[in-house]
Amino acid sequence: MYAIGNDHTAVALKEVIKAHLESKGVEVRDFGTESTTASNYAEKAEEVANAVASGECERGILICGTGIGISIAANKVHGIRAACCSEPFSAKMSKVHNNSNILCFGARVVGTELAKMIVDAWFDAEYEGGRHQARLDTITAIENRN
Ligand code: RB5
């Protein structure tokens, strides 16, 4: 199960991505918003990040105007590694090297086809582990002492 959330800038793109994931057989829990009235991306970030951090959802996707605010907010939740990506290579590597558990992008930055390619690259990628784990352990240690 994937969690998905967005602010007012990304209602249409969220629908495209949700349908795209469903066409791949992925179950999606949609945290909204469905409204194009100005809203606070940080609230959606927290809801989706909690769903992923608790294990209720396996991965999350967050979309705001740039992907930046919503990724910064998601990364405040313990255990979250949210990556803001505007192209497929970074999306893939964010999983392979960083074991990202939330993918973020900006509805004002990427078009629908590029967004689908970013999602596909992340969806297909697997965490490599090995030498990368010590680095992720350091990130967790930073999280725990600050
Ligand atoms: C909303 O105007 C915009 O600031 C938000 O969608 C996002 O881009 C923040 O990082």
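Counting starts at 1 for both ligands and their atoms, following the listed order. Quick note: numbers below take in every heavy atom, side chains included, and nothing from hydrogens, waters or symmetry partners.
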Proximal ligand 1 atoms for [X], defined as those under 4.0 Å from one of its heavy atoms:
X	result
Thr9	6 (O)
Gly65	5 (C), 6 (O), 7 (C), 8 (O)
Gly69	9 (C), 10 (O)
Arg108	1 (C), 2 (O), 3 (C)
Asp7	5 (C), 6 (O)

Notebook entry, point to check: Strictly by modelled atom types, are Asn98 and Ser100 linked by a side-chain donor-acceptor pair under 3.5 Å?
Noted result: no

Notebook entry, point to check: Judged by atom type as modelled, is there a donor-acceptor pair below 3.5 Å linking the side chain of Thr138 to the main-chain atoms of Ala134?
Noted result: yes

Checklist line | Exam field: side chain Asp7 to backbone Cys64, donor-acceptor pair closer than 3.5 Å | finding: no

Check: Are Lys24 and Asp120 within salt-bridge range, i.e. N to O under 4.0 Å?
Finding: yes

Next item on the list: Using a strict cut-off of less than 4.0 Å between a Lys/Arg side-chain nitrogen and an Asp/Glu carboxylate oxygen, indicate whether Lys14 and Glu34 qualify as a salt bridge.
Entry: yes

Margin query: Classify the ring geometry of Trp122 against Tyr2: parallel below 30°, tilted from 30° to 60°, perpendicular beyond 60°.
Written below: perpendicular

Next item on the list: Could you find the nearest protein heavy atom to atom 7 (C) of ligand 1 and give me its residue, atom name and distance?
Entry: Cys64 SG, 3.4 Å

Notebook entry, point to check: Who's the nearest protein heavy-atom neighbour of atom 9 (C) of ligand 1, and how far?
Noted result: Tyr41 CE2, 3.5 Å

Next item on the list: Pick one of side chain, backbone, both or neither for how Thr66 approaches ligand 1, counting any non-hydrogen atom pair under 4.0 Å.
Entry: both

